[in-house]
Amino acid sequence: MAETKYIFVTGGVVSSLGKGIISSSIGKLLQARGYNITIQKFDPYINIDPGTLNPYEHGECYVTVDGMETDLDLGHYERFTGIATTKANSLTTGRIYKAVIDKERRGDYLGKTIQVVPHITDEIKRNVKLLGKKYGYDFVITEIGGTIGDIESAPFMEAIRQLRWELGKRAINVHLTYVPYLKAAGELKTKPTQHSVKELQSVGIQPDILVLRTEKHLNKGILEKVASFCNVDQDCVIQSEDLPSIYEVPVNMQNQGLDEAILRKLGEPIGEKPALGPWRSFIDRMQNAKKEVHVGLVGKYDLQDAYKSIREGLMQAGVYNDHKTVLHFINSEKITEENVAEKLKNVDGIVICPGFGQRGTEGKIIAAHFTRTNNIPTFGICLGMQMMVIEFARNVLGYTDANSHEMDEKTEHNVIDIMEEQKNITNMGGTMRLGAYECKLKPDSRTFGIYKQETVQERHRHRYEFNNSYLQEYEQKGMKCVGRNPESDLIEIVEIPELKWYIGTQFHPEYQSTVLKPHPLFVDFIKTCIDNQKS
């Protein structure tokens, strides 16, 4: 392939149809055919990035290797394809407008009136083509967030319209819509899809391929009807039924020839259908895992997307241990000394979840105390690790007022503190320790035995750190600091080797766990939970 080809993925009818899963599946299928691909997400909201958004608004915030706070769909891209994304893979209206305004302030436009068309649309187009130009990918898949017809996505749609005109046969549109089932009538309805396509056509874009999200199987008649009413080839109308797992979607798409339709539309040779061997064997193991392992997620966000990557990491680890991971959300705001035993009685291990702010932290500390004193496998991630550190200071080191500077600025014993260079920061967005940092492991530690290597790279998203002035006291009383950043000497990992599994990481291992390369910490944690269940 000489020139980069572009696939635009748009959505209609309602949001949350799974454009990210479809984009990831397309990427996976093209990758399996030997193509070099990347996937990017354009979000129409005005935030510079989702870093300042409440998880209830937007699910988890995913962090790239180079420290960009992004949409959770980038997590799907990485888990499906194994590609490490960067800030170039994620854009928002806010970043587009900021780039244009910065250029205008510098005088780059030489006195011109700055307008949505052409200046904003040109900046969008430049970013669409940036990765392809820079790295010479065969395919760049661009997912546009939101739903066709939204006011905020209009500039993106106009940019796509122009690009399809300019790129000719090198660009196609895959449009995802919804076919609802009306229970009272006992019928599936295609009208919303027709309206959605009409809306797309009204901005000058004719979809090349339609993917119909549906809870019920669509018969041939419905698919033919949609093809004829929406001016789309019959073999380019694909149905995406609800499946037990998102990881079955690429196989379902391949069975219906989605990748073949894309290649045909873009003038590429079809060739042999790839076997997807390792992927299919993962699905087989997942489907055949009958035994369950129960893990409690101790956190404050009662929303499954808030801890998306952690959930997926634990699920993948279960599969590689031939178990089905059953997750139980345990609201840390509702945990007390009196009810903690009751709340944790049905789990084989717990994950103390990350987060920001004071709400729910005392419950996490109570949970950490209960699991430490009852030797229940415990994995603390980011703020979760900090809560384990605070609990240990209060109940083992004897500092009853121990806390994080984030939760209590007046504490005498700030075992978790803010770094010197962070103290005067007033902006909330993008000012934390973000992205991949090196961590050196102590060779005699439990964690070293899990990773089986001395130096690892892991991604961060936090502002507060373990206070090294307490280091010796922790080590003497049995909580070992076994992972450090070699440059800053900041503590990355704590563990209590005497216990079955009591490990806290200042970084987020979930960002690096993929379907074909599950994270070793998750795999070992789940293995210990299974052993704990047996004992």
Side chains of [X] and [Y], heavy atoms from C-beta outward: is any pair under 4.5 Å?
{"X": "Cys61", "Y": "Thr70", "value": "no"}
{"X": "Val293", "Y": "Val326", "value": "no"}
{"X": "Glu465", "Y": "Ile491", "value": "no"}
{"X": "Val140", "Y": "Thr142", "value": "yes"}
{"X": "Val415", "Y": "Phe392", "value": "no"}
{"X": "Asp66", "Y": "Met68", "value": "yes"}
{"X": "Met388", "Y": "Lys364", "value": "no"}
{"X": "Leu91", "Y": "Ile96", "value": "yes"}

Open item on the list: Which residue is it: Phe525, Tyr451, Phe379? I am looking for the one with a ring pair (Phe, Tyr, Trp, His ring centres under 6.0 Å) to His519.
Closed with: Tyr451
TODO: Apply the side chain to side chain donor-acceptor pair (under 3.5 Å) test between Ser309 and each candidate in His508, Arg79, Gln512; give the one that qualifies.
DONE: Arg79
Give me the atom names and distance for the closest heavy-atom approach of [X] to [Y].
{"X": "Glu406", "Y": "Gly357", "answer": "OE2-N, 3.0 Å"}
{"X": "Val523", "Y": "Asn321", "answer": "O-ND2, 3.1 Å"}
{"X": "Ile335", "Y": "Ala367", "answer": "CD1-CB, 4.3 Å"}
{"X": "Gly146", "Y": "Lys19", "answer": "O-NZ, 3.0 Å"}
{"X": "Gly20", "Y": "Ser24", "answer": "O-OG, 2.6 Å"}
{"X": "Ser240", "Y": "Arg213", "answer": "O-NH1, 2.8 Å"}

TODO: Apply salt bridge (charged side-chain N to carboxylate O under 4.0 Å, His left out) to Lys28 and Glu248, showing your working.
DONE: CA-CA 12 Å; Lys28 179 79 213 162; Glu248 294 174 42; over 6 Å; no
Is [X] salt-bridged to [Y], cutoff N-O under 4.0 Å?
{"X": "Arg285", "Y": "Asp322", "result": "yes"}
{"X": "Asp524", "Y": "Arg446", "result": "yes"}
{"X": "Glu143", "Y": "Lys41", "result": "yes"}
{"X": "Arg33", "Y": "Asp259", "result": "yes"}

Task: Derivation of the side-chain hydrogen bond (donor to acceptor under 3.5 Å, both in side chains) call for Glu78 and His76 - done: CA-CA 5 Å; Glu78 292 204 14; His76 292 311; over 6 Å; no
[atom1] ([X]) with more than 12 external heavy atoms under 6.0 Å:
{"X": "Glu412", "atom1": "CD", "answer": "no"}
{"X": "Lys500", "atom1": "NZ", "answer": "yes"}
{"X": "Lys324", "atom1": "NZ", "answer": "no"}
{"X": "Ile46", "atom1": "CD1", "answer": "no"}
{"X": "Lys334", "atom1": "NZ", "answer": "no"}

Open item on the list: Test of understanding: with ring-ring contact (aromatic ring centres under 6.0 Å, His included), list the residues that count as partners of Tyr399, not counting sequence neighbours.
Closed with: His413, Tyr470
Open item on the list: Run the ring-ring contact (aromatic ring centres under 6.0 Å, His included) test against Tyr77 and tell me which residues pass, sequence neighbours left out.
Closed with: none
Task: Qualifying residue for salt bridge (charged side-chain N to carboxylate O under 4.0 Å, His left out) with Arg372, from Glu391, Glu498, Glu495 - done: Glu391
Open item on the list: Using ring pair (Phe, Tyr, Trp, His ring centres under 6.0 Å), reason through Tyr35 and Tyr137 one step at a time and then give a plain yes or no.
Closed with: CA-CA 8 Å; Tyr35 291 108; Tyr137 289 108; over 10 Å; no
Open item on the list: Walk me through whether Glu510 and Arg461 qualify under salt bridge (charged side-chain N to carboxylate O under 4.0 Å, His left out).
Closed with: CA-CA 12 Å; Glu510 69 272 21; Arg461 184 179 183 243; over 6 Å; no
TODO: Could you check Asp531 against Lys527 for salt bridge (charged side-chain N to carboxylate O under 4.0 Å, His left out), going step by step and ending with a plain yes or no?
DONE: CA-CA 6 Å; Asp531 294 342; Lys527 182 178 177 293; 3.8 Å; yes
- [ ] Check step by step if side-chain hydrogen bond (donor to acceptor under 3.5 Å, both in side chains) holds for Asp284 and Ser281.
- [x] CA-CA 5 Å; Asp284 286 345; Ser281 70; over 6 Å; no
- [ ] Output, in order, the C-alpha distance, side-chain angles, deciding distance and verdict of ring pair (Phe, Tyr, Trp, His ring centres under 6.0 Å) for His294 and His328.
- [x] CA-CA 7 Å; His294 293 260; His328 304 267; 5.0 Å; yes
Open item on the list: What verdict does the salt bridge (charged side-chain N to carboxylate O under 4.0 Å, His left out) test give for Lys477 and Glu473, after you've listed the backbone C-alpha separation in whole Å, the side-chain angles of each residue and the deciding distance to 0.1 Å?
Closed with: CA-CA 6 Å; Lys477 290 286 173 72; Glu473 290 180 70; over 6 Å; no
Open item on the list: Using side-chain hydrogen bond (donor to acceptor under 3.5 Å, both in side chains), reason through Gln40 and Asn89 one step at a time and then give a plain yes or no.
Closed with: CA-CA 4 Å; Gln40 54 188 2; Asn89 294 75; 5.9 Å; no
- [ ] List the steps and the verdict of side-chain hydrogen bond (donor to acceptor under 3.5 Å, both in side chains) for Asn414 and Asp417.
- [x] CA-CA 6 Å; Asn414 50 338; Asp417 204 3; 2.8 Å; yes
Open item on the list: Checking Tyr62 against Glu69: is there a side-chain donor and acceptor pair closer than 3.5 Å?
Closed with: no
Open item on the list: Taking ring-ring contact (aromatic ring centres under 6.0 Å, His included) as the cut-off, I'd like each qualifying pair that reaches into residues 306-326, sequence neighbours left out, listed once.
Closed with: Phe282-Tyr320
